[in-house]
Novice: 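I have a structure I would like to understand better, so I am pasting it below and will then ask my questions one at a time.
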Amino acid sequence: MNKSEVFSIISSQVLYCKSHGTLTWKKREGDDPLTRTWNTKYAGKECGGFDRSTGYRKIAMTINGASRFVYSHRLAWFMEHGEIPSGQIDHIDHNKTNNRISNLRDVSRSQNQRNKLMPKNNTSGVTGV
C-alpha cells in the first residue's frame with residue numbers, strides 16, 4: 001500500500017476544521033456493538049496523540065492488518081490540497097500544534113531550516129551561528 005492510499009483512507013475517516021486546525025474522527029455508520037462503542041469513545045473527538053520524540057500530533061490506524069500513521073499537519077495539507085506534500089510542512093508561527101492551513105506551507109528542508117528559532121544558548125545574536 002502506497003502513501004497516497006494511506007492518506008486517502010485515513011482522510012476518509014476524519015473531518016478537518018480549517019479555522020481551528022483540528023482533525024476529529026467522523027461518526028461511523030452501523031448499529032452493531034463495535035460501531036456503537038467506537039462512536040461513543042471516538043466520534044467527534046480529536047484524532048491521534050502527541051509523538052514525544054517530535055512534538056507533533058500523529059494519527060494511527062490499522063489498515064489491512066498493518067498499523068499505519070500520518071502526522072496531522074501533513075494530513076491537513078493533503079485534505080486541503082488533494083496531494084501529499086512534496087517537501088516538509090513548515091509551521092510558520094513555530095507552533096507544532098497549530099495546524100490551521102493558513103499556518104502551514106510546503107517547503108524544502110533548507111527553507112524549513114531558515115525558519116528555525118534562534119537557540120537559547122546562542123551568544124552571538126545571529127541565527128545559524
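No hydrogens, no waters, no symmetry mates; every other heavy atom, side chains included, goes into these values.
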Novice: Would you find more than 12 non-hydrogen atoms of other residues, nucleotides or ligands less than 6.0 Å from D32 atom CG?
Specialist: yes
Novice: What is the ring orientation for Y56 with Y71, classed by angle as parallel under 30°, tilted 30 to 60°, or perpendicular over 60°?
Specialist: perpendicular
Novice: Show, in sequence, the C-alpha distance, side-chain angles and deciding distance for R28 and Y42, and conclude whether the side chain to side chain contact (heavy atoms under 4.5 Å, CB included) test is met.
Specialist: CA-CA 10 Å; R28 294 185 179 174; Y42 301 109; over 6 Å; no
Novice: T22 vs Y16, test: side chain to side chain contact (heavy atoms under 4.5 Å, CB included). Steps then yes/no.
Specialist: CA-CA 6 Å; T22 56; Y16 175 62; over 6 Å; no
Novice: Hey, could you give me the CD/NE2 distance between E46 and H20, rounded to the nearest 0.5 Å?
Specialist: 11.0 Å
Novice: Any side-chain donor-acceptor pair under 3.5 Å between S124 and N122?
Specialist: yes
Novice: Could you measure the distance from the NZ atom of K3 to the OG atom of S8? Nearest 0.5 Å is fine.
Specialist: 13.5 Å
Novice: Answer yes or no: is there a donor N or O on one side and an acceptor on the other, between the side chain of E5 and the main chain of N2, under 3.5 Å?
Specialist: yes
Novice: How far apart are the closest heavy atoms of S72 and L23, and which atoms are they?
Specialist: O-CD1, 3.6 Å
Novice: Between R57 and C47 (side chain of the first, backbone of the second, donor and acceptor by atom type, cut-off under 3.5 Å), is there such a pair?
Specialist: yes
Novice: Among T97, N99, N112, which one satisfies side chain to side chain donor-acceptor pair (under 3.5 Å) with H91?
Specialist: N99
Novice: Tell me the closest heavy-atom pair linking S53 and D51, and the distance in Å.
Specialist: OG-OD1, 2.7 Å
Novice: Can any side-chain N or O of D90 pair as donor or acceptor with the backbone N or O of V107 at less than 3.5 Å?
Specialist: no
Novice: Checking the side chain of R100 only, and the main-chain atoms of S19 only, is there a donor and an acceptor separated by less than 3.5 Å?
Specialist: yes
Novice: Judged by atom type as modelled, is there a donor-acceptor pair below 3.5 Å linking the side chain of K26 to the main-chain atoms of G44?
Specialist: no
Novice: Could you go through the side chain to side chain contact (heavy atoms under 4.5 Å, CB included) check for M61 and F69 one step at a time?
Specialist: CA-CA 6 Å; M61 181 180 276; F69 80 89; over 6 Å; no
Novice: Nearest 0.5 angstrom please: I59 CD1 to S11 OG, how far?
Specialist: 10.0 Å
Novice: Please tell me if the side chains of M79 and L15 come closer than 4.5 Å, counting only heavy atoms from C-beta onward.
Specialist: no
Novice: Which atom pair, heavy atoms only, marks the closest approach of K27 to A43?
Specialist: CA-CB, 3.8 Å
Novice: Report whether M1 and V70 are members of the same hydrophobic cluster (ILVMFWY, side-chain heavy atoms less than 4.5 Å apart, transitive linking).
Specialist: yes
Novice: Would you say D106's side chain and G87's backbone share a donor-acceptor pair under 3.5 angstrom?
Specialist: yes
Novice: Please find the pair of heavy atoms, one from K45 and one from T40, that lie closest to each other, and give the distance.
Specialist: NZ-O, 3.5 Å
Novice: Are the side chain of N98 and the backbone of N103 linked by a donor-acceptor contact shorter than 3.5 Å?
Specialist: no
Novice: Looking only at non-hydrogen atoms, find the nearest pair between R105 and W77 and report the distance.
Specialist: CA-CZ3, 3.8 Å
Novice: Let me know which of L75, I84, I63 forms a side-chain contact (heavy atoms from CB on, under 4.5 Å) with V6.
Specialist: I63
Novice: Would you compute the distance between atom CD of Q88 and atom OG of S108 and round it to the nearest 0.5 angstrom?
Specialist: 8.0 Å
Novice: Could you tell me the separation between the CD atom of E83 and the CZ atom of F7, rounded to the nearest 0.5 Å?
Specialist: 11.5 Å
Novice: When rounded to the nearest 0.5 angstrom, what is the spacing between OG1 in T62 and CZ in R68?
Specialist: 10.0 Å
